[in-house]
Amino acid sequence: MDQHSLCCGAILLLLVFASLSSSSRIPDANISTSWINTPYSSPNMNRTKFLLNPILSICPHFACGFYCEAQTACLLAVVIHKRSSFGIFKPQLVWSANRNHPVKLNATLQLTRDGDLVLADADGTFVWSTNTSGKSVSGLNLTEDGNLVLFDGSNTTVWQSFDHPTDSLLVGQTLVLGQKLIANISPSNWSQGLYSLLFTRNLLRAYVETNYNVPTTYFQNGTRGERYIKYENGSFNWFTIPFVQVAQFMRLESDGRLKVYEFTGYDWAVVVELMTEAIGECGYPMACGKYGICSNGQCSCPDEANSEVGTFRQRNYRQPNLGCSPVTPISCDQSQYHSFLELKDTSYFGFYPINHDYGNASGLDVKTDVEDCKKSCVSNCSCKAVFYSYAVAPNSKPGCLLLFEAFSFGFDRYTMSTIFLKVQKPVISNGWKSRYNIIILGSSLLALFGVLPWVLYRFFIIRNKRQSEEDDEFSLVQVSGLPTRFSYEDLKSMTNSFTNKLGEGGFGSVFLGMSIDGTKIAVKRLDGFGQVKKSFLAEVQTIGSIHHVNLVRLIGFCAENSNRLLVYEYMSNGSLDRWIFKRHQELTLGWESRRKIIVDIAKGLAYLHEECRQKIYHLDIKPQNILLDENFEAKVSDFGLAKLIDKDQSQVVATMRGTPGYMAPEWLSSIITEKVDVYSFGVVVLEILCGRKNLDRSQPEEEMHLLRLFERKGEEGQLLDMVDKYNADMQLHGAEVVEMMKLAMWCLQSDYRRRPSMTVVVQVMEGLVSVQDNLDYNFINAPARRTMAATDEDMDAIDDGTPLIASVLSGPR
C-alpha cells in the first residue's frame, strides 16, 4: 500500500459492529449507531451558504454527512471536495438520500439493530431508509471512490449509494440497465427536475418530461451492448474525458446539459460538456427558454414585429435565454380569434423531418394535412403549436403533429420543417367613428327604455352572486380541520400563472407549482359551476382532515370568488397508467414493484372503508387516480366523487357515477356499498398484472375486453397466458402473478356479497388469509336489474354492446 492509501486509511471513520454475525448480536456500547444533525459552525460560514456536518470522511476528496443550506434545509449526502487546512473546502453534492424531502436541524440518522439505515426529521417523521432490515448488516463505510456502503460480516456489500444515483456519477461508478440520472430543478433547488439521462438497451438517452407526461428525447447515443455503462478514468461510453488530475465528477445539470467537473486551482471548473458537440447549443429543450428561437447559440423571440396576429416579448431583455411570452395570452373562450404565426425553417428538439415516426417518438396524434392539424390545435386549448415536416426523400411523406409544449425552437434553413405557433389575435376596433355612433345609439336606447329595469336587474344578479359566494364560504367554514387556505394570487404566483400543466380531465386541470419553501406542489383548478362546487366540497371535506401514507395529501385549497383550487403534494412519478400500459417499455415496472403498488392501493382503500370516523367510498378507482411518488409508493387520489357514509350504514342509494370499465355491476341497481371500490380495485389489479387496459381496441376483437378474456382464460385454466408479455420480470414470476390474479378474481365477483373487504384483501397480501375457492367467472353481469327507475340520461350512457365498459360518464381527472 502506498503512502496515499495509508493516509486515507488512517482517517477513515467506520461504523463497524465488531465481530457482529448473522445472529444479530447487539453492537458494542462505545460505537455510535445514531447521529443528530446538530447546529454546525465552520471557519468559512460567511463565505458559503452550504455547510457540511460530517459523519464519515475520507481524505482527500469525499465526505458523508448532513449537507445543509444555511442550516435550514439539509440532505443526507456524499460530497466531493478539496481538503485544506480549514477542513472540507468547496464541497460539491454528488449523492443524496432525501433530495425531495430535506430535513431540519436535529434530524436523526440511525443504523438500527436489524441493519436498516433510517433517516427521520426533527419531529420524528420518517424520511428515508435503505430497506435493509434483516440482511445481516455489520457496518457502514465510505469508500475511497465516494461510495457509501452497508456490508455484512463477510465484507459483502448489502447496499451501496452507487446503485441509487441522483444527478451525478463518480469515476468508477456505473449505470446499469434501467438506471438514470435525474437533474435538480435548479442549482438551488435539490428536488427532482424535468431532465433525465437513462440507460436502456443499447442506448444512452437524455430526455425531458413534458406536461402531457410523454418523455421527449433530445439526445441519444448507442452503447457497446453491455448491461452497464461505466464512468472510467478518461471515458464514458463513447465520450472521451480528460484524465483525472485531482478530483472529478459528472453531473446532469438543471438545464439538461451533461458536464464533467474537475478541481483546478481553487475551484471546480467544467472540463468538458458531453452532449453539446452532438446536438449543438440549440439542441437543448430550454436553450432559449419557452417560445424562444435559438440560432447559432443566440436567442430571440418569434416575429416581434408582426402585429397582425400577435406579438411575443422577452421575459427578461437582459437575459434572452429565459424565453419569451405572448403579449396577448391565449384565451380558450375566444378561439375564434386564434391564429397561427408561421416560422419557416424551424425545428423542434427531438423531432426530425426525414421519414420520422412521430407517433412512437412523441405519443401524439399524427396527421398528414397541415390544415387538419391546425384545426385540431385550435380545438384543443392545451395545444401550443403545430410542427409540420415536408416530404424531402423519395420514400418519405409530409406530416404534422400537435405540440403541447412550447420549449425552445431552432432556426435552420436545412430542416425542411415549419412551426405554426398558436397566437391570440387582438380584437381590432372599427375606428372611433363607429364607436362614437354606437355610443350615441346606445345612450338613446338607454334613455328611451329607462335605466331602472337595468339597475334592478343588476341589483338582483349581484345580490344572488354574493349570496352564492357566502353560501360557499359558509359551507367551507363548517368543515373541521381544514388544511391551509391560499389566496388565488398566491397560487397564481406559485404555478407561474398556471403555465406548467400536468394533466386535465372532466373537472379541470392540474398544474405544477412551487411552494415558498421550494417544495413541488400540484394545483388542481376546477372548472364549471354546480358540479364543481359539489366535487370541491367533497374533496376538501373528504381528505382535508385524514392522513394516511397511501392517500395523496391535501395541503390546502382556495375558495375565492368563483375560483376553486386544491393544492396537493406533488407525486414525481405521475399516475399509474403511464407505467403499466407499455407505452414506453423501458419505463415498465417489475413484479415486486407492481406487487408493492397493489398492496399500497389496498391499504389506502382499507383505511377509507374501515378506519375513518365515517366510511368513505371513493367511487372512482382507476390507474389515472393512483399516483406514484419518487419511491414508487402508490397513493390514492382524486376524491371528487367520494361519498361519506355513516358507520352504521351498510348500503346507500346513489346515482350512477364513476368511470366506465371500472364500475361494479350493482350500479345498475343504484344500491351500493364499499364493495364497488373492491370491484374497481380488482379491475386495476388485473390491468397491472396484464400490462394492458381493460378496453383495448388495438387487440383482436375476441381479446378486446380484458374481463371477458379473463373469464375465458380462467375457465380454461390458462391464466398464465395473460401475464404481461412485454416484461421479462413479470414472465419470470408468472406463478406468483397468477396467484395474484386469483385475488383479483375474488374482488371481481358480480355478486358484491361474495367480494372480500379491503381489509381482507390486505390480509391476503400479507399471507394471513387465503383466497376463497369456488369463485364465479362471471364478472360483468349484474345479479339483478335496477330497483330504481333509470333516467334516460343514465341509460343513454351505456353501450348495449359493451356492458359498463364503453359508457362515457366520467373521464380521467
Side-chain angles (χ1 to χ4, degrees), residues 94-96 99-100 161-170 173-185 191-232 235-239 241 249-260 273-276 278-279 283-286 349-352 357 360-363 405 407 571-590 593 628-632 691 726-729:
V94 292
W95 177 83
S96 60
R99 64 190 299 193
N100 292 316
S161 60
F162 272 16
D163 289 339
H164 305 274
T166 50
D167 65 343
S168 302
L169 288 178
L170 296 171
Q173 189 172 357
T174 61
L175 279 180
V176 301
L177 280 173
Q179 280 187 346
K180 60 183 175 180
L181 304 183
I182 303 178
N184 289 347
I185 288 180
S191 298
Q192 291 180 343
L194 298 177
Y195 296 94
S196 297
L197 182 71
L198 174 69
F199 175 41
T200 63
R201 293 183 182 88
N202 302 317
L203 198 65
L204 183 65
R205 185 165 72 92
Y207 63 87
V208 61
E209 293 282 356
T210 61
N211 282 348
Y212 46 91
N213 289 328
V214 177
T216 304
T217 299
Y218 62 94
F219 169 86
Q220 60 186 31
N221 191 3
T223 65
R224 294 179 172 86
E226 295 100 343
R227 298 185 63 82
Y228 65 89
I229 301 176
K230 188 174 184 180
Y231 176 16
E232 299 180 285
S235 66
F236 178 65
N237 200 35
W238 300 107
F239 296 112
I241 300 173
F249 70 96
M250 179 190 307
R251 181 163 63 205
L252 183 65
E253 299 290 356
S254 55
D255 60 1
R257 297 171 183 263
L258 186 63
K259 298 179 179 180
V260 175
E273 284 194 25
L274 299 184
M275 296 187 293
T276 303
I279 65 175
Y284 294 98
M286 290 287 279
F349 79 96
F351 300 116
Y352 305 95
D357 187 353
N360 290 339
S362 66
E405 286 282 11
F407 289 119
M571 304 292 283
S572 59
N573 276 315
S575 57
L576 174 63
D577 60 307
R578 65 175 292 209
W579 294 93
I580 60 174
F581 293 146
K582 66 176 186 301
R583 279 181 275 177
H584 302 283
Q585 292 183 20
E586 68 270 18
L587 297 181
T588 59
L589 304 172
S593 296
L628 306 175
D629 67 10
E630 67 276 9
N631 297 316
F632 288 93
Y726 296 92
N727 189 288
D729 190 58

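For this chain, numbers begin at 1 and follow the sequence in order.
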Residue list, salt bridge (Lys or Arg N to Asp or Glu O under 4.0 Å) with [X], at least two apart or on another chain:
X      : answer
Asp729 : none
Arg99  : none
Glu273 : Arg257

inquiry  = Donor-acceptor check, side chain of Asp629 to backbone of Asn631, threshold 3.5 angstrom: yes or no?
reply    =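 Yes, the answer is positive, given that a donor and an acceptor are paired below the 3.5 Å cut-off.
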
ask   = Hey, does the side chain of Trp95 reach the backbone of Phe162 with a donor-acceptor pair shorter than 3.5 angstrom?
value =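 Pair absent, no side-chain N/O of Trp95 close to backbone of Phe162.
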
Not counting sequence neighbours, which residues clear side chain to side chain donor-acceptor pair (under 3.5 Å) with [X]? List them please.
X      : answer
Thr223 : none
Glu253 : Arg251, Tyr261
Asp163 : Gln160
Ser161 : Asn147

Tyr195: ring pair (Phe, Tyr, Trp, His ring centres under 6.0 Å) partners, not counting sequence neighbours =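 By the ring pair (Phe, Tyr, Trp, His ring centres under 6.0 Å) rule, Tyr195 matches Tyr218.
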
Can you find a pair of side-chain heavy atoms, one from [X] and one from [Y], that are under 4.5 Å apart?
X      : Y      : result
Trp579 : Asn573 : yes
Thr276 : Tyr284 : yes
Leu177 : Tyr228 : no
Ser191 : Ile185 : yes
Phe199 : Arg205 : no
Leu197 : Leu204 : yes

query = Leu589 and Phe632: side chain to side chain contact (heavy atoms under 4.5 Å, CB included), yes or no, with the steps?
reply = CA-CA 10 Å; Leu589 304 172; Phe632 288 93; 3.7 Å; yes

key: Verdict with reasoning, Trp238 to Asn221, per side chain to side chain contact (heavy atoms under 4.5 Å, CB included)   = CA-CA 8 Å; Trp238 300 107; Asn221 191 3; 3.4 Å; yes

Lys259, NZ atom: more than 12 neighbouring heavy atoms under 6.0 Å =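 Count over threshold, so yes.
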
key: Derivation and outcome, side chain to side chain contact (heavy atoms under 4.5 Å, CB included), residues Lys180 and Leu175   = CA-CA 7 Å; Lys180 60 183 175 180; Leu175 279 180; 5.9 Å; no

Listed partners of Glu630 passing side-chain contact (heavy atoms from CB on, under 4.5 Å), at least two apart =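 With sequence neighbours excluded, Glu630 shows a side-chain contact (heavy atoms from CB on, under 4.5 Å) to Asn100, His101, Gln192, Ser572, given in chain and number order.
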
